[in-house]
Amino acid sequence: MQFRKDINGLRAIAVIAVVLFHFNASWMPGGFAGVDVFFVISGFLMTGIIFRGIEQENFSILRFYVARANRIIPALAMLCLVLLVFGWFYLTPFDYKTLGKHIGSSMSFLSNVVYWRESGYFDAASHEKWLLHTWSLSAEWQFYIIYPLMLVAIRKFMSVKVMKAAVLFGTLLGFVFCVIATYKWPDSSYYLLPTRAWEMMIGGVAYLFPFTLQDKRKKLVEWFGLTLIVCSYFFISKENPWPGYLAIFPVLGSFLIIQAQHNDSLITSNIVFQKLGAWSYSIYLWHWPLVVAIYYFSLNDKFIYIGIAVSVLLGYLSNKYIEKIRFRNDFRGLLQYWKCKPIYLVLFIGFLGSYVFISKGVDKRFNLNLELQQISNQLIMPLRSNGYCFYSFNDGQENVDQKIGTDCYLGEKLNKSATLLFGDSFAGHSEPFFDEIFKANHKSFQSITTNWCIASFTDNFTGPKSHLAYKQCLINRGYLKVNMHKYKNIIFAGQWSALSKKQLDDFEIVIKQAAKMKINVFIIAAPHSYTQNPLNFFYRSVYFKHPFDINKIISNDVFMAKANLYLKEFSSNYTNIHFISRELLYNKENTFEINNLTLPYSLDGGHISILGSKYSAKHFMNKDEYSAIMKLFDLE
């Protein structure tokens, strides 16, 4: 295929958007759509290679795979190797272990599946995942594997003309499926191939059904395509379900620019875009770890500009010295394919990543004393697996069940319970708190807590309804509605800032009904919310021996504080509805002390750890208001 300057320039348009979005989303709110542009380009080029080979009857699937491996793997392997060396010196065992896992999944091109499975309530912040951007490479590589196999298979009983029509039909069908799936299964739709394949296939359609245009119309089509892409960059944001129907704008725009075939365009063929287009793959690889580094080490905004410049520099160096290495791909016999060098890069880097993961981040690099080890063991989420009641479907739990999900007690379990704790994971992280309180009062309480399950009598849900937790939540809510009158006290806790106006109204209906039944209702304030994970900063202070200062961590508490204040004011209108404020639950510094060691209550920027929850109980029991609040409970 003749070198297409317009396509190379389109790569630059894609990578510029992705880089600007990642370094500062406000500059280009929809810049993530640059990945979709890359998918269209890839589909166009791959379809050309496959169909030319099929038409000339000399297409080799193995040779195709080797060519793709030679192109993609070396630069990716170098990035992973650099991160492994970097992580040895600068990452805590937990973060290094996670990096090892992600390197293994990236080198095996399964990282999109891994990130999809990690997405959800307990997902670490995206800015803490050094290889998050490789999800797109994995989706693309999966397409490379399946697409030629399917085309070669259907060629056995279809003509080339019918095959072309099949690709067109498959693209349309894929788009329809993408639109439906994005709303039903948003997390999986973002990361997984089935909802992304149509974007690559439409690039194939551009190759199979080329437009024949006059020069004037080429410019018109190119400008229209560019307008669609640019508008998607600025008028779409991460708040929109993606890919969904909105992805048609950058995808169709890319399709039109490719179809315009305007090879001497000032837009795509200028020297700057040609260079950036040539370096685009390596720029894409290196820019994200630099974004994460700025976040991870809390560097100031000037490093954003340095990061962009270094991304381009590293992209240039990687392209010149790694991408341009010409690995052999003209193997003649099946056994000769074992001479493909990128295979050994995958095995070697994958082995290193797996070792780092299995060895728990090579924790032998550090020597923690016994006290710190014991503390570390409790800086986790309370779950069924560690003695509590929180029924988390992100903890490997897959059984939706009323008996198991609602029949769990804490405190002095042998004593009769008249109290119910109900809510989502924020209620779940409160279980150690109330476990300590109720043990001190020689009473028990029943806990019904599940991911995203705020009290409501409707099916409104703060999480994805495709999640198993949704089914369990409906069971929990049904139980609450039928059995609420049996309790003397009900404690509600939740991530209040996550509620929409409708969900908040639903919650208020539950509270009002409980109040009418003369039940003592207690609403628990949600803790301080952070953009960054305080626990990571604590571990870094321990492992690398520098002071822990929670005030240096980026806060994100505006909406949570407002939600707490609203519920406090709402509660004041009722004599039997009581709001337990943050001041009663936590030290104002949002930290607690153990033997001169300062620790954050927070587990991940939102939730409280087991140990944090227990020390919150100590703080509460030392407050003057403690006795008065406990008298509000009917514990007889």
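As a basis for the values below, the full set of heavy atoms in this structure was taken, side chains included, without hydrogen atoms, waters or symmetry mates.
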Practice item. Keeping the roles fixed (side chain from Gln532, backbone from Ile554), state whether a donor-acceptor pair exists under 3.5 Å. Key: yes

Review point. Is it the case that Ser444 and Glu412 place a side-chain donor and acceptor less than 3.5 Å from each other?
Key: no

Exercise for review: Please lay out, stage by stage, how Ser376 and Tyr539 fare under the test side chain to side chain donor-acceptor pair (under 3.5 Å).
Suggested key: CA-CA 9 Å; Ser376 179; Tyr539 277 128; 2.9 Å; yes

Check your understanding: Are Leu83 and Pro289 side-chain neighbours, meaning at least one heavy-atom pair lies under 4.5 Å?
Key -> yes

Point to revise | Side chain to side chain, Ser602 and Asn590, heavy atoms closer than 4.5 Å | key: no

Practice item. Can you establish whether the number of heavy atoms outside Lys568 located under 6.0 Å from its atom NZ is more than 12? Key: no

**Study point:** N/O donor-acceptor pair under 3.5 Å between Asn386 side chain and Pro382 backbone
**Key:** no

Review point. Should the pair Tyr566 and Phe570 be assigned to parallel (<30°), tilted (30 to 60°) or perpendicular (>60°) ring geometry?
Key: parallel

Review point. Quick one: does Glu625's side chain get under 4.5 Å of Glu583's, heavy atoms only?
Key: no

Check your understanding: Quick one: do the Ser138 and Tyr115 side chains pair a donor with an acceptor below 3.5 Å?
Key -> no

Check your understanding: Taking the side chain from Asn564 and the backbone from Ala525, do they hold a donor-acceptor pair closer than 3.5 Å?
Key -> no

Exercise for review: May I ask you to check whether over 12 heavy atoms, not counting those of Asn300, lie within 6.0 Å of atom CG?
Suggested key: yes

Review point. Pick one: which of Phe303, Trp130, Phe86, Tyr90 meets ring pair (Phe, Tyr, Trp, His ring centres under 6.0 Å) with Tyr296?
Key: Trp130

Revision key, fill the gap. Minimal heavy-atom distance between Ile491 and Thr419, with the atoms involved, is CD1-CG2, 3.8 Å

Review point. With distance as the sole test, does Ser189 use its side chain to make a donor-acceptor pair with the main-chain N or O of Trp185 at under 3.5 Å?
Key: yes

Exercise for review: Please report the C-alpha distance between Trp286 and Val19 in whole Å, then the side-chain angles of each, then the deciding distance to 0.1 Å, and finally whether the side chain to side chain contact (heavy atoms under 4.5 Å, CB included) criterion is met.
Suggested key: CA-CA 10 Å; Trp286 286 96; Val19 169; over 6 Å; no

Review point. How close do Ile553 and Pro534 get, heavy atom to heavy atom, and via which atoms?
Key: CD1-CA, 3.5 Å

Exercise for review: Decide whether Gln472 and Asn476 meet the rule of one side-chain donor and one side-chain acceptor closer than 3.5 Å.
Suggested key: yes

Practice item. Before giving the answer on ring-ring contact (aromatic ring centres under 6.0 Å, His included), spell out for Tyr305 and Phe23 the whole-Å C-alpha distance, their side-chain angles and the decisive distance to 0.1 Å. Key: CA-CA 8 Å; Tyr305 303 98; Phe23 276 102; 9.3 Å; no

Review point. Are a donor atom and an acceptor atom from the side chains of Thr462 and Gln503 found within less than 3.5 Å of each other?
Key: no

**Study point:** Close side-chain approach of Trp452 and His467, heavy atoms under 4.5 Å
**Key:** yes

Exercise for review: State whether a side-chain donor-acceptor pair under 3.5 Å links Ser555 with His528.
Suggested key: yes

Practice item. Mind listing the closest non-hydrogen atom pair of Arg582 and Pro527 along with its distance? Key: NH2-O, 3.1 Å

Exercise for review: Using distance alone, with no hydrogens and no angle criterion, decide if Glu431 and Thr449 have a side-chain donor and acceptor under 3.5 Å apart.
Suggested key: yes

Review point. So, the side chain of Arg477 versus the backbone of Ile454: is there a donor-acceptor pair under 3.5 Å, distance only?
Key: yes

Check your understanding: Does the ring center of Phe366 lie less than 6.0 Å from the ring center of Phe544?
Key -> yes

Practice item. Apply ring-ring contact (aromatic ring centres under 6.0 Å, His included) to the pair Phe522 and Phe633, showing each step before the final yes or no. Key: CA-CA 9 Å; Phe522 299 86; Phe633 280 87; 3.8 Å; yes

Practice item. Please work out whether the ring planes of His607 and Phe426 are parallel, tilted or perpendicular, with thresholds of 30° and 60°. Key: tilted

Exercise for review: Answer whether the closest heavy-atom distance between the side chains of Gln495 and Asp424 falls below 4.5 Å.
Suggested key: yes

Review point. Mind checking whether Phe492 and Phe507 have ring centres under 6.0 Å apart?
Key: yes

Exercise for review: State whether the side chain of Asp557 and the backbone N or O of Ser529 hold a donor-acceptor pair below 3.5 Å, judged by distance alone.
Suggested key: yes

Exercise for review: Mind telling me whether Phe445 and Phe438 have parallel, tilted or perpendicular rings, with 30° and 60° as the class edges?
Suggested key: tilted

Review point. Stepwise, does the side chain to side chain contact (heavy atoms under 4.5 Å, CB included) test hold for Ile524 with Leu421?
Key: CA-CA 10 Å; Ile524 308 302; Leu421 170 64; 5.6 Å; no

**Study point:** Side-chain heavy-atom pair Asn520, Leu632 within 4.5 angstrom cut-off
**Key:** no

Review point. Any chance the side chains of Ser237 and Glu239 put a donor and an acceptor closer than 3.5 Å?
Key: no

Exercise for review: State whether the side chain of Thr406 and the backbone N or O of Ile448 hold a donor-acceptor pair below 3.5 Å, judged by distance alone.
Suggested key: no

Study note, to complete from the structure: Between Phe620 and the options Tyr586, Tyr615, Tyr626, Phe592, the ring pair (Phe, Tyr, Trp, His ring centres under 6.0 Å) test singles out Tyr626

Exercise for review: Could you tell me whether a side-chain N or O of Thr134 sits under 3.5 Å from a main-chain N or O of Leu137, the two making a donor and an acceptor?
Suggested key: no

Check your understanding: Once the angle between the rings of Phe351 and Tyr355 is folded into 0 to 90°, is it parallel (under 30°), tilted (30 to 60°) or perpendicular (over 60°)?
Key -> parallel

**Study point:** Residues, nucleotides or ligands: over 12 heavy atoms within 6.0 Å of Met560 CE
**Key:** yes

Check your understanding: Are Tyr96 and Val362 close enough, and set up right, to give a side chain to side chain contact (heavy atoms under 4.5 Å, CB included), and what steps lead you there?
Key -> CA-CA 8 Å; Tyr96 202 37; Val362 199; 3.9 Å; yes

Review point. Could you go step by step and tell me if Ser581 and Leu584 meet the side chain to side chain contact (heavy atoms under 4.5 Å, CB included) rule?
Key: CA-CA 6 Å; Ser581 66; Leu584 299 175; 3.9 Å; yes

Review point. Do you know which two heavy atoms are closest between Ala75 and Ser282, and how far apart they sit?
Key: CB-OG, 4.3 Å

Review point. Taking all atoms of both residues into account, what is the closest heavy-atom pair of Glu436 and Ala617, and its distance?
Key: CB-CB, 3.7 Å

Check your understanding: For Lys443, does its backbone N or O pair with a side-chain atom of Asn441 as donor and acceptor, under 3.5 Å?
Key -> no

Exercise for review: Kindly check if the number of other-residue, nucleotide or ligand heavy atoms within 6.0 Å of CG (Asp624) is above 12?
Suggested key: no

Practice item. Grab the two heavy atoms, one from Arg384 and one from Cys389, that are nearest each other, plus how far apart they are. Key: NE-O, 2.7 Å

Check your understanding: Heavy atoms, side chains only, cut-off 4.5 Å: are Met381 and His429 in contact?
Key -> yes

Practice item. Could you check if a side-chain atom of Asn399 sits within less than 4.5 angstrom of a side-chain atom of Tyr391, using non-hydrogen atoms only? Key: yes

Point to revise | Residue of the set Trp288, Trp242, Trp135 for which ring pair (Phe, Tyr, Trp, His ring centres under 6.0 Å) holds with Phe32 | key: Trp242

Practice item. Indicate yes or no for a side-chain donor-acceptor contact from Asn587 to the backbone of Glu589 under 3.5 Å, with no hydrogens or angles considered. Key: no

